[in-house]
Number of protein chains: 2
Amino acid sequence: MTGGYLKGRIRREDILAAAVTVYGEVGYHGSSLREIAKRAGITHAGLLYHFPNKESLLAAVLERRDALDAAREQLQARPGLEVLRRYLALAEHNVGNPGIVDLYSRLAAEAVAEDHPAHEYFVRHYRMARAGVLESFRAMADSGELREGVDPEVAALTFIALMDGLQVQWLTTPDEVDLVGSLEFYLRSLLTVGL
Amino acid sequence: MTGGYLKGRIRREDILAAAVTVYGEVGYHGSSLREIAKRAGITHAGLLYHFPNKESLLAAVLERRDALDAAREQLQARPGLEVLRRYLALAEHNVGNPGIVDLYSRLAAEAVAEDHPAHEYFVRHYRMARAGVLESFRAMADSGELREGVDPEVAALTFIALMDGLQVQWLTTPDEVDLVGSLEFYLRSLLTVGL
DNA sequence: CCTACCGATCGGTAGG
DNA sequence: CCTACCGATCGGTAGG
């Protein structure tokens, strides 16, 4: 028999995809292994064969999300305008994938609790996001692309916060929120150059 | 026997306060009537004597929050700078009451789902918040207090979104986020007048 | 407001 | 990867 490993990897992918959907719908705490397993076409005991417990499945989902984001948008570009452009591209991609936004918003709110299994992940996630954007704003300040009086530190924090806040409002009332346009508006108000 | 009604009202208050705490900690779906009841000093069946089911308790919590906010901050002031100042005061108040911020952030993320019992509440809540701030930005645009090129519509949406996004990040890493200062920074970037 | 109970569902394990 | 099971917990009701 060949392909045993391949089959295992495919099955794991099915489970992860189902978990992403369910987490987005009902959050991590609201999810059940039985529901996720059913959507992946196995029993919940079968799921536990691939992931030893509920938390390990969440960890795998978060790891995969980071890997996919990094590969697609390359948010680690050279600091500067290009990094901000890639965040806009990420927002644009998200508009076509509300499920991903759902997942992220729900988990971020849950993970505020210090004993939530994803808490440390989001602490790191926010720190890295702020640091990356901060570097870019600093570089742009040095080259005169940042409006006078704009503190790069605060600009970085508010940019990330605005993205998150817009996403929740967009999910709640999709027809009344222009996700990408609002971010562009904000960036233009900070910069001396166009996007 | 006198005071029976008073006692009932006090007991209801105890239950509502306990519910606010628990919703903030674990969200609505993650909460249990037994846990809320225990903190209020009764059994879960006793709780159901005051609130017929789980959803009615949530509805009462949301009603009370609106009533308290309206009474304290009077966010319905005459459109203009004063309204924005009261939002800053609300943010300041929230910094001293993380439990309230917890409750709001958790429920807002959960209620993105259309079948969540608080969904309609948040649709209304966002619409009203945006409309109130929009009116103020429009009034300020008429009197030259809004920077040129700033669309009042987008400014209103982004201001509310920024508040929400900052709250989640502040709850996650309290020492690394200046909630009030960041909002002031943003408002200053939109206005021609000081706060 | 409580005791006592209901059916349903949960995460996880045993054993194959 | 499944069947079968465990103890725990859930929202809600009956009956007082």
Side-chain angles (χ1 to χ4, degrees), chain A residues 1-23 25-62 106-107 110-111 113 115-118, chain B residues 1-23 25-62 106-107 110-111 113 115-118:
Chain A
M1 286 291 274
T2 62
Y5 284 155
L6 177 62
K7 196 149 69 175
R9 238 176 298 140
I10 290 174
R11 190 37 61 91
R12 281 176 62 98
E13 279 302 311
D14 290 346
I15 296 171
L16 289 174
V20 166
T21 307
V22 174
Y23 291 167
E25 285 175 10
V26 298
Y28 168 70
H29 280 132
S31 74
S32 77
L33 297 179
R34 282 169 171 85
E35 177 62 28
I36 294 168
K38 197 206 290 179
R39 300 203 195 189
I42 57 174
T43 65
H44 94 282
L47 189 160
L48 288 167
Y49 168 79
H50 293 280
F51 299 93
N53 55 43
K54 199 182 179 187
E55 280 195 27
S56 68
L57 177 58
L58 173 60
V61 164
L62 294 175
R106 300 270 330 218
L107 286 186
E110 273 190 347
D115 60 351
H116 192 283
Chain B
M1 285 293 275
T2 63
Y5 285 154
L6 178 61
K7 197 149 74 177
R9 238 177 296 140
I10 290 175
R11 189 38 61 90
R12 280 175 62 99
E13 279 301 312
D14 290 346
I15 296 171
L16 289 174
V20 166
T21 307
V22 174
Y23 291 167
E25 287 175 8
V26 299
Y28 168 71
H29 280 132
S31 74
S32 76
L33 297 179
R34 281 170 172 85
E35 176 63 27
I36 294 168
K38 197 206 293 178
R39 300 203 195 190
I42 56 174
T43 65
H44 95 282
L47 188 159
L48 288 167
Y49 168 78
H50 293 281
F51 299 92
N53 55 46
K54 198 182 179 186
E55 280 195 26
S56 69
L57 177 57
L58 173 61
V61 163
L62 294 175
R106 300 270 330 219
L107 287 186
E110 275 190 348
D115 59 351
H116 191 283

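Note on naming: letters A, B, ... go to the chains in the order of the sequence lines (proteins, then strands), and numbering restarts at 1 for each one. Owing to the predicted nature of the structure, the values given are computational and were not obtained by experimental measurement.
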Please classify the nucleic acid contact of [X] as base, sugar-phosphate, or nothing, using heavy-atom distances under 4.0 Å.
X	result
His50(A)	sugar-phosphate
Thr43(A)	base
Leu48(B)	base
Ile42(B)	sugar-phosphate

Atom [atom1] of [X] to atom [atom2] of [N]: distance rounded to whole Å?
X	N	atom1	atom2	answer
Leu33(B)	dC2(C)	CG	P	14 Å
Leu47(A)	dT13(C)	CG	C1'	15 Å
Ile15(A)	dC1(D)	CD1	C1'	10 Å
Glu35(B)	dT9(D)	CD	P	11 Å
Lys54(A)	dT9(C)	NZ	C1'	12 Å
His29(B)	dT9(C)	NE2	C1'	14 Å
Phe51(B)	dC1(C)	CZ	P	11 Å
His44(B)	dT3(C)	NE2	P	12 Å

Less than 4.5 Å apart, side chain to side chain, heavy atoms only: is that true for [X] and [Y]?
X	Y	result
Leu58(B)	Phe51(B)	no
Thr43(B)	Arg34(B)	no
Glu55(B)	Tyr28(B)	yes

Test Arg39(B) against Glu35(B) for salt bridge (Lys or Arg N to Asp or Glu O under 4.0 Å), laying out the working first. CA-CA 6 Å; Arg39(B) 300 203 195 190; Glu35(B) 176 63 27; 2.7 Å; yes

Does dT9(D) have OP1 or OP2 sitting under 4.0 Å from an N or O in the side chain of Ser32(B)?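 Answer is no, no contact under 4.0 Å.
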
Short side-chain N/O contact from Arg34(A) to OP1 or OP2 of dT9(C), under 4.0 Å: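 So the side chain of Arg34(A) is outside the cut-off, no N or O lying under 4.0 Å from OP1 or OP2 of dT9(C).
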
When you match Ala45(A) and Asn53(B) each to their closest nucleotide on DNA chain D, which lands nearer the 5' end?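 The residue whose closest nucleotide sits nearer the 5' end is Ala45(A).
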
Under 3.5 Å for both donor-acceptor distances, Watson-Crick or wobble: does dA14(D) have a partner, and if so which one?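 Partner of dA14(D): dT3(C).
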
Please report the closest heavy-atom contact between Leu33(B) and Leu48(B), naming both atoms and the distance.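 What the structure gives for the nearest pair is CD1-CD2, 3.7 Å.
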
